[in-house]
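Only one structure is covered here, and it is reproduced in the block below.
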Amino acid sequence: MRIIERVKNWFRRGAYRLTEKELQTINDHPKINIDPQELQRINKNFIDYQGKYPKVEYINSMGHLKKRDYFYLNMTKLTAEYLAGLVFNEQCEINISDAEDDNESNSYQNAHDFISHVFEHNDFIKNLSRYLEPMYATGGIAVRPYVNQLTGNIEFSWALADAFFPLKSTSNGVSEGVMMFKSMQVDGDKTKHYTLLEFHEWEQSESGENLYVITNELYESDSPDLIGKRIPLSERYEGLEETTVFKGLSRPQFNYCKPSGFNNISPHSPLGLSITDNAKPIIKKINDTYDEFYWEIKMGKRTVFVDDSMLNTLPTEDGRPPKQVFDPDVNVFKSTRFRDGDAVVDVTSDIRVEQYTSAINSSLRLLEMELKFSPGTFSFDGKSVKTATEITSENSLTYRTRNQEVNEVEKFIKGLIVSTLELAKASKYNGKPLFNGEIPTFEHIGVDFDDGIFVDKMQQLNFLGKSKMYGLIPSVEAIKRLFEVPKEVAEEWAKQIQADQLGIDPMHIQQQREEDLYGDEE
């Protein structure tokens with residue numbers, strides 16, 4: 001009975017492999033069923049993020065259809081970069097401990113040391129700082145740990161919003177999914193495009209045990225826009241197993257992070273929205289206004305009426321082509337018929353700088369409201385968009401928005417830590433498990449985000465100064481918090497301050513320390 005069941009499972013997994021069907025899109029795969037509108041939305045987000053807008057068509061003074069570049073303010077990138085910088089930076093500290101006091105023993109010390117090494121090896125803090133920007137701009141990122149079989153180190157694979165697709169999800173998040181990795185190979189004048197699909201699924205053994213199955217499928221195509229036909233893994237990834245099974249895992253190996261908030265565009269989708277998905281009309285208005293403003297500046301928005309004979313496009317009586325009087329790329333001149341007097345009349349008006357600046361600033365206010373940023377976060381001066389570099393009120397709208405995003409990123413980091421430790425415990429290198437310690441829960445993982453950008457130093461100085469004056473905080477702690485220095489440095493500063501106040505010679509202090517350490521010299 002067990003053998004028969006194994007054969008059935010083998011055929012169920014290999015059924016698609018035995019067909020000759022070629023995948024056009026990711027949705028052609030029998031396991032994947034994503035709302036096509038969601039895929040289009042994500043693709044549109046990447047176009048906006050990259051600034052790949054079509055050229056603008058216009059009619060020139062000769063009546064010919066021309067095209068020019070579209071001038072825009074990339075608010076999709078700017079807002080995503082701004083929020084990513086507020087949420088996370090390289091000052092973030094991660095700690096794993098079950099001890100409430102520094103003097104207590106920490107049973108998770110091995111886990112803390114192991115994760116510190118893995119994060120340092122993968123430059124995780126810096127990479128997360130970079131990947132948060134496209135996450136906010138396009139709707140999500142995914143990362144999963146894997147074991148480098150050559151070195152025994154744990155590496156991280158990252159996937160942007162267009163390379164991760166959920167298979168199953170619950171109210172707690174995505175439980176099964178597929179990550180897509182694209183590559184290419186040039187051979188002479190031919191270019192082959194490869195797509196690796198990595199499926200993460202849960203199965204149940206005959207004994208009822210939960211099994212975590214990772215399945216790899218490789219596809220080849222002549223076009224970068226197609227998935228192509230399935231080929232053996234060995235043609236591109238030598239040594240990569242088609243199927244890997246893990247036991248004893250409590251959570252998925254991939255970790256998906258998306259902006260906070262509900263997906264109101266597709267309510268039943270587990271995929272996240274970009275922070276600008278609900279602000280597309282406002283961003284388009286900003287871009288259109290800026291494009292008109294730029295073009296008016298470039299052209300001087302000059303309007304000159306000329307006699308229609310000067311714009312004549314008909315051949316002469318002897319068959320020769322008409323002589324072109326004006327630059328064909330200019331749309332300044334308008335044709336009319338003059339009876340008397342001048343054949344050229346300049347009716348140019350002044351460039352409307354104030355009107356365009358006011359219109360763009362008005363749209364930026366609406367964008368701030370849509371993104372839940374504090375009023376005045378963005379401003380346009382006719383040259384560039386400026387962002388607020390300091391937010392001093394902890395009750396500001398931006399601060400509350402930032403806190404919501406911090407919660408999502410914190411859960412993402414904690415999930416990645418647990419997934420990494422579970423993978424390390426279930427994997428071996430040279431016959432030994434990569435990690436043998438106790439795996440912590442989320443409650444024992446601390447992520448300390450740097451809130452310095454929201455703290456006004458003068459307000460903090462007044463608060464800590466009064467707290468010290470009323471005897472509510474030690475001098476060392478006040479120095480440590482105000483200047484963000486280690487405790488040892490704060491203690492050193494406190495001693496120097498005390499010496500200055502008492503008028504003690506610093507050389508005397510140094511001599512006294514040496515005597516305390518080594519005793520008096522006879």
Side-chain angles (χ1 to χ4, degrees), residues 88 90 92-100 102 104-129 131-132 141-159 164 170 172-177 179 198-203 205 209-214 241 244-257 406-449:
F88 191 83
E90 296 186 28
C92 176
E93 295 183 359
I94 300 171
N95 185 55
I96 304 174
S97 175
D98 61 347
E100 296 181 359
D102 293 340
E104 295 182 16
S105 61
N106 179 16
S107 60
Y108 293 123
Q109 187 61 48
N110 290 339
H112 175 81
D113 295 340
F114 184 84
I115 286 297
S116 297
H117 169 74
V118 172
F119 277 15
E120 182 69 24
H121 173 72
N122 287 276
D123 207 357
F124 173 75
I125 299 297
K126 183 176 181 179
N127 279 323
L128 181 58
S129 299
Y131 276 104
L132 281 181
I141 56 170
V143 61
R144 89 150 181 103
Y146 69 94
V147 178
N148 186 327
Q149 297 298 332
L150 296 178
T151 63
N153 289 320
I154 289 185
E155 315 279 355
F156 289 152
S157 288
W158 297 80
F164 175 79
T170 64
N172 294 325
V174 181
S175 59
E176 296 185 358
M179 299 176 71
E198 186 180 274
F199 291 86
H200 292 247
E201 301 169 282
W202 291 97
E203 293 185 7
S205 66
E209 183 181 12
N210 287 331
L211 303 177
Y212 191 81
V213 182
I214 299 178
E241 296 290 337
T244 305
V245 180
F246 293 96
K247 297 180 181 180
L249 302 187
S250 65
R251 55 175 292 107
Q253 277 295 291
F254 64 84
N255 291 268
Y256 178 58
C257 185
V406 162
N407 292 334
E408 295 294 328
V409 176
E410 183 177 8
K411 289 188 294 184
F412 168 73
I413 294 175
K414 290 181 177 181
L416 178 60
I417 289 174
V418 174
S419 297
T420 301
L421 292 173
E422 289 188 342
L423 173 66
K425 199 164 188 174
S427 303
K428 292 184 178 181
Y429 183 71
N430 291 335
K432 296 181 180 180
L434 296 179
F435 174 71
N436 238 343
E438 187 177 354
I439 296 178
T441 62
F442 278 24
E443 290 76 14
H444 296 121
I445 302 173
V447 183
D448 183 15
F449 293 85

Worked verdict on F156 versus N127 for side chain to side chain contact (heavy atoms under 4.5 Å, CB included): CA-CA 10 Å; F156 289 152; N127 279 323; over 6 Å; no

Heavy-atom side-chain proximity of [X] to [Y] below 4.5 angstrom:
X: Y146; Y: Q253; answer: no
X: D448; Y: C92; answer: no
X: V118; Y: F124; answer: no
X: E422; Y: V418; answer: yes
X: P252; Y: V174; answer: no
X: V406; Y: F88; answer: no

I need the minimum non-hydrogen distance between [X] and [Y], along with the two atoms involved.
X: H444; Y: P440; answer: CB-CB, 4.1 Å
X: L128; Y: I141; answer: CD1-CD1, 4.4 Å
X: C257; Y: F412; answer: CB-CD1, 3.4 Å
X: L434; Y: F114; answer: O-CE1, 3.4 Å
X: S157; Y: M179; answer: O-CE, 3.9 Å

More than 12 heavy atoms from other groups under 6.0 Å of CD on E209: yes

Nearest 0.5 angstrom please: [X] [atom1] to [Y] [atom2], how far?
X: N95; Y: Y108; atom1: CG; atom2: OH; result: 12.5 Å
X: I115; Y: I417; atom1: CD1; atom2: CD1; result: 5.5 Å
X: E93; Y: F449; atom1: CD; atom2: CZ; result: 12.0 Å
X: F435; Y: K428; atom1: CZ; atom2: NZ; result: 16.0 Å
X: H200; Y: I214; atom1: NE2; atom2: CD1; result: 4.5 Å
X: T244; Y: L211; atom1: OG1; atom2: CG; result: 12.5 Å

Within the distance-only criterion (no hydrogens, no angle test), does the side chain of [X] pair as donor or acceptor with the backbone N or O of [Y] below 3.5 angstrom?
X: Y131; Y: A142; answer: no
X: H112; Y: I96; answer: yes
X: K425; Y: G437; answer: yes
X: N153; Y: N148; answer: no

Between S129 and E90: side-chain donor-acceptor atoms closer than 3.5 Å: no

Distance-only polar pair, side chains of R144 and S419, donor-acceptor under 3.5 Å: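 The criterion, which ignores hydrogens and geometry beyond distance, is not satisfied for S419 and R144.
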
Verdict with supporting geometry, V147 and Y429, side chain to side chain contact (heavy atoms under 4.5 Å, CB included): CA-CA 9 Å; V147 178; Y429 183 71; 5.7 Å; no

Contacts of type ring-ring contact (aromatic ring centres under 6.0 Å, His included), residue Y256, not counting sequence neighbours: F164

Steps toward side chain to side chain contact (heavy atoms under 4.5 Å, CB included) verdict (N122, E155): CA-CA 6 Å; N122 287 276; E155 315 279 355; 3.5 Å; yes

Set of side chain to side chain contact (heavy atoms under 4.5 Å, CB included) partners for N210, sequence neighbours left out: W202, Q204

Parallel, tilted or perpendicular: rings of F246 and Y212 (30°, 60°):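 Y212 vs F246 ring planes: tilted.
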
Side chain to side chain contact (heavy atoms under 4.5 Å, CB included) evaluation trace for I94 with I125: CA-CA 10 Å; I94 300 171; I125 299 297; 4.1 Å; yes

